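Here's the structure, in structure tokens; my notes come after.
As the structure is a computational prediction, the values presented were derived from the model and not from experiment.
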Amino acid sequence: MSVPNPVITKLIDGQDAVPDTWNPQYVQIEQNFSNVDSRLVSITTEMATARDSKPNLNARIDDIEGRVGTTEPSYQEALHFEVRRLMWLNQLAFTEIEKTKKMRVQQGELTIYNRGVVNGMTVTRSTTANRNLNLDGGQFFMNGRVYGIADRINEASVSSNTSSFTKTCVAYVRLNGNSIDFGCSDLGSGAPLDAVPLCTLTIPPNNTDSTDQHLANVTIDASIRRTETLFPTLFDHPARETVYLPIKLTDTTYHISLDIVSAVGGVVGSHHIIIDERANDSFRITLGHTADNVVIRYLVTLMNS
């Protein structure tokens with residue numbers, strides 16, 4: 001350790017040994033001793049404080065070791081506080097991980113069906129067969145192309161409703177190999193996924209062959225059909241789907257990544273997909289292409305949520 005005067009000034013050879021000559025060196029030596037003494041006092045005081053009431057440091061250390069991990073109230077209280085704090089931090093970490101997995105990052109897959117009617121294809125009640133439907137000829141589109149169909153008479157049969165409740169079904173056309181089928185779904189069901197829906201039929205209670213032979217009391221509503229008279233040049237009502245997020249986000253500044261998995265009747269790129277509406281809990285995808293059965297995977301991220 002350093003002292004105020006690390007080097008004591010030497011006497012000059014041949015100089016007389018008088019007080020004026022010796023006094024400066026004596027002062028330097030005294031300053032060094034005083035510095036050492038003050039530091040020894042400081043160390044002694046610090047060690048005495050560390051010993052507390054124990055006779056020496058070894059006894060003090062033994063006392064500390066004997067109390068650590070014991071049931072001393074102050075120690076147990078401090079230990080329990082720290083354990084609770086760590087448990088809270090651990091739970092907070094798991095909560096944030098779950099938020100990231102379930103809310104901040106959400107993903108899924110959807111299919112956009114791009115099909116409808118070009119012209120004709122009006123559904124009417126049969127007047128010559130029990131509970132049957134007729135179809136006027138026309139054109140419809142699916143799988144990225146246009147198909148034509150001639151008049152169909154008494155080809156789709158509507159089931160009887162023997163219940164006491166109103167039920168619905170859907171008239172449709174679908175491809176069947178090299179032919180086209182005109183049919184009607186079971187009561188309470190929609191059109192098959194590979195079909196083009198044409199209209200919804202509402203069948204009142206107790207509507208059967210004996211009570212309504214020619215479906216006079218059955219309502220035919222064509223509002224579910226999609227009509228594109230200028231297909232494939234122009235879409236008046238482009239195919240679109242709304243994606244509803246499992247967990248609502250805090251705002252609409254989230255990022256959406258899209259991956260086109262497959263399509264029928266054309267090659268679909270990311271530039272054919274438009275996100276034209278978004279909310280905290282949903283967004284809408286619009287297809288700008290003639291392709292059908294377009295499968296899209298999406299990834300929604302909002303890391304500051």
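Between T168 and L187 the shortest side-chain heavy-atom distance does not fall below 4.5 Å. Side-chain atoms of R225 and C199, non-hydrogen and from C-beta on, never get closer than 4.5 Å to each other. Residues T250 and N280 fail the side-chain proximity criterion, which asks for heavy atoms closer than 4.5 Å.
For the atom pair CG of L193 and OG1 of T111, the computed distance is 8.5 Å after rounding to the nearest 0.5 Å. Atom CD1 of I220 sits about 7.0 Å away from atom CG of L215, to the nearest 0.5 Å. The CD1 atom of I274 sits 8.5 Å away from atom CG of L287, with the distance rounded to the nearest 0.5 Å. In this structure, CG on D209 lies 10.0 Å from NE2 on H214, to the nearest 0.5 angstrom.
Cation-pi contact between R145 and Y147: present, with separation from the ring centre below 6.0 Å and deviation from the ring axis of at most 45°.
S160 and T162 share no donor-acceptor pair across their side chains, judged by distance under 3.5 Å alone. Using modelled atom types and a 3.5 Å distance limit, the side chains of R115 and N143 yield no donor-acceptor pair. For the residue pair S257 / H255, a side-chain donor-acceptor distance below 3.5 Å is found, with atom types taken as modelled. Counted by atom type alone, N114 and D292 present zero donor-acceptor pairs between their side chains at under 3.5 Å. Under 3.5 Å, the side chains of N132 and R125 contain no donor-acceptor pair of N or O atoms. Judged by distance alone, the side chains of D181 and N176 do bring a donor and an acceptor atom under 3.5 Å apart. Side-chain contact of N154 with T128: a donor-acceptor pair under 3.5 Å is present, judged by distance alone.
The environment of E82 atom CD is dense: over 12 non-hydrogen atoms of other residues, nucleotides or ligands sit within 6.0 angstrom.
A distance-only check finds no donor-acceptor pair linking the side chain of H80 to the backbone of E77 [under 3.5 Å]. A donor-acceptor pair under 3.5 Å is formed between the side chain of N161 and the backbone N or O of P204.
When each of I247, L245, V300 is paired with M103, the side-chain contact (heavy atoms from CB on, under 4.5 Å) condition holds for I247 and for no other.
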Please assess E98 against R104 for the test salt bridge (charged side-chain N to carboxylate O under 4.0 Å, His left out), listing each intermediate value before the final yes or no. CA-CA 9 Å; E98 285 300 306; R104 296 185 180 112; over 6 Å; no
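Aromatic ring orientation, F231 versus F141: parallel (interplanar angle below 30°, classes split at 30° and 60°).
Comment: R240 engages D276 in a salt bridge, judged by a side-chain N to carboxylate O separation of less than 4.0 angstrom.
A ring-centre distance under 6.0 Å is found for F283 and Y298.
With hydrophobic clusters built from ILVMFWY side chains whose heavy atoms lie under 4.5 angstrom apart, Y172 does not share a cluster with V264.
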